[in-house]
Chemist: 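The structure that follows is given in the form of structure tokens.
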Amino acid sequence: MNTAAQLYTPAPHGDRAGPVIDIEKLSLTFATNDGPVHALSNIDLKIDEGDFVSFIGPSGCGKTTLLRVIADLEQPTAGRIAVNGMSPEEARLNRAYGYVFQAAALYPWRTIAGNVALPLEIMGLDAKEREARIARNMELVNLKGFEKKFPWQLSGGMQQRASIARALAVEPKLLLMDEPFGALDEIVRDHLNDQLHQLWAKTNKTVVFVTHSIPEAVYLSTKIVVLCPRPGRIYDIIDSDLPRQRTLDIRETPEFLKVAHRVREGLKAGHSYDD
Amino acid sequence: MSSIATSLPRFDTPARLAIGVLVFAVLGLTGTAFQPDLGALDLPRLSIVVTVLAILGVRYSLGFARHRVGDLVIGLVTLLSAWFLIETVANHPGLAAPGFWYLTIATWFASWLFVERMAHWRGLSPSAQKLVNLAIPLIFGATLLVLWQLVVVGAGIPQVLLPSPGAIGARLVNSVPVLWADFQQTFLKAVLAGYAIGCGSAFVVAILIDRVPFLRRGLLPIGNLVSALPIIGVAPIMVMWYGFDWPSKAAVVIIMTFFPMLVNTVAGLAAADAMQKDLMRTYAASYWQTLVKLRLPMALPFIFNALKINSTLAMIGAIVAEFFGTPIVGMGFRISTEVGRMNLDMVWAEIAVAALAGSLFYAAVALIERIATFWHPSQRG
């Protein structure tokens, strides 16, 4: 905790329009029995409000670790990071973000509505406000009518949607998503990507999205961050010029394929396949 | 080959059992039932009933009454047969000859056949199916008791070695006030108090260990050590400390139940996986919020394991502890004194009460577990 506080230098006052996430020269080294592992090395990144940013890269490139640093689930060993102009720890304690994990991680003893209510209970909201937020967010992810079901009675895709509703119920301006659809089949995934895109367009939230799927990253993002491993570092940052309003059909257009091509080239160049 | 095989009648288990009933009925009816020379045919009621059984058994092969009512009649006639066997052998204790044993085996097979038939009943309403599912183990248990009764009385086994269920039952019915007083002293006082304090304090210590990690290294080995203490060494010491009455027995129960509960609760509190804990962290949940909303529910299956193990351990602990000094009441006290007086039927009556109480206690905990951990894969069914 001390290290995090020391690493953070307060942003100048009146800088309200500054980036939602501001990372400078950030590094993270894990000490293991086989010596230090450089999970993240010299990361520089700014994410503005309303951006949809994807981290893409092969396994071990540190994309999940970087997301966890933003969420204050890992502590960087060097560099500077600010979330909403605060240290990640302060941002977490202020419930500045919602986090969606690789698995739905719903509590099996709670109904779907009960799971969505979990963060609201922890925040100490009263029953009326909880009810309102549950109803609103269940509708947002198209799960209306499933409030009384238990997680193990729903499909994987519905479970993941419930976990998104749970993250949204906190009503954060920042949504952190760690390969949320990685375990789902392609058809369900397309469908959820479409829903997520509409959700983002509707609410104008800032989303940071970890994935290893190029079409997913290009379809969803306004900015694509290509990472490469050993040590985990940023290879390329691509600002997508695709229109903000999109449908899945956009994946057939030359503009889309151009961005996808650049991402693929970045992934190829940043990763040596000879090992 | 295959055409020959299919043309032969199929001998399934009921068919084999029916033949068994027939063979042993014939053997029994033609042999000597009791020493010195009482033939089975000299016992008209028994002979008629067993003959009916033999005929009903093979009725599927003969081709009549192939339905549930026929099966039920077999059950009823088997019951009659068992009743007549018990009644008859009571008049000739210790004098059973091969004919009697053959009739016993025939009746046993008939009961088995009845259960086999019942297990194959199809297309019942759900409530009737429930009733059948309940009846099958009950009939199985009753069959065992009848066999026990017949063997003990027929072979004249001394009651010091093994009393008959009838004798135990009679003693149980005649000694209800004594048994109730013993049950109150041992179960309602020592077991319940010791169980509640033992499990409760272990739970609290487990939370403490979790909150203050350095305690883990100190308290777990001590708990381990205490659980390894031999009960026959600890019980007399507890009597010295807490007197002859039930508190000393409750103390033994506390010692026996503490460690299983502690270890299981500590393990259960570690059962939440990293992602679930990270989730609570992203909500900035406090230690107690994480404990109540995540870690305790995750620990419930472990905690209930300990509660179930302890329900039987507590019974054993309290009964054995009473061997080392007690007022003149209590299940353990009764067992030790009645053994000395060669009243083995009373000992068995106490054992029956202890078994029943222990099973009901266990069942009650298991029922609460079912309600509390309905969400766990092992309970979803």
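Nothing here was measured: the structure is a model prediction, and the numbers come from that model. Numbered from 1 within each chain, the chains take letters A, B, ... in sequence-line order. Below, each value reflects all heavy atoms present in this structure, side chains not excepted, and no hydrogens, waters or symmetry copies.
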Chemist: For W112(B), is the CH2 atom crowded, meaning more than 12 foreign heavy atoms sit under 6.0 Å from it?
Modeler: no
Chemist: With side chains defined as the heavy atoms from C-beta onward, is the minimum distance between Y107(A) and L279(B) less than 4.5 Å?
Modeler: yes
Chemist: Is K189(B) atom NZ crowded by more than 12 heavy atoms from other residues, nucleotides or ligands, each under 6.0 Å away?
Modeler: yes
Chemist: Which ring pair (Phe, Tyr, Trp, His ring centres under 6.0 Å) pairs, counting each pair once, include a residue from residues 259-288 of chain B, with sequence neighbours left out?
Modeler: none
Chemist: Looking at chain B, which one of Q102(A), E121(A), M123(A) has the largest number of heavy-atom pairs inside 4.5 Å, strictly under?
Modeler: E121(A)
Chemist: For L124(B), what residues pass the side chain to side chain contact (heavy atoms under 4.5 Å, CB included) criterion, not counting sequence neighbours?
Modeler: R68(B), W121(B), A128(B), Q129(B), V132(B)
Chemist: Sub-3.5 Å donor-acceptor pair from the side chain of R281(B) to the main-chain atoms of L73(A), do we have one?
Modeler: no
Chemist: Sort by residue number and list every member of residues 289-308 of chain B having a non-hydrogen atom under 4.5 Å from chain A.
Modeler: Q289(B), K293(B), L294(B), P297(B), M298(B)
Chemist: Contact part of A103(A) toward chain B, heavy-atom cut-off under 4.5 Å: side chain, backbone, both or neither?
Modeler: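 Both the backbone and the side chain of A103(A) come within 4.5 Å of chain B.
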Chemist: Is the count of non-hydrogen atoms from other residues, nucleotides or ligands lying under 6.0 Å from K173(A) atom NZ greater than 12?
Modeler: no
Chemist: Got a second to check how far W375(B)'s CH2 is from F150(A)'s CZ, nearest 0.5 Å?
Modeler: 11.5 Å
Chemist: Just list the side-chain donor-acceptor pairs under 3.5 Å for residues 359-368 of chain B, sequence neighbours left out, or say none.
Modeler:
{"residue": "S359(B)", "atom": "OG", "partner": "A355(B)", "partner atom": "O", "Å": "2.7"}

Chemist: Taking F101(A), Y97(A), Y99(A) one by one, which has the highest count of heavy-atom pairs under 4.5 Å against chain B?
Modeler: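 The answer is F101(A).
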Chemist: At a 4.5 Å cut-off on heavy atoms, which part of A105(A) comes close to chain B: side chain, backbone, both, or neither?
Modeler: both
Chemist: Using side chain to side chain contact (heavy atoms under 4.5 Å, CB included), reason through T282(B) and R95(A) one step at a time and then give a plain yes or no.
Modeler: CA-CA 7 Å; T282(B) 66; R95(A) 292 157 182 132; over 6 Å; no
Chemist: Using a cut-off of under 4.5 Å on heavy-atom pairs, state which of L106(A), N94(A), L118(A) scores highest against chain B.
Modeler: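 Looking at each option in turn, the highest pair count goes to L118(A).
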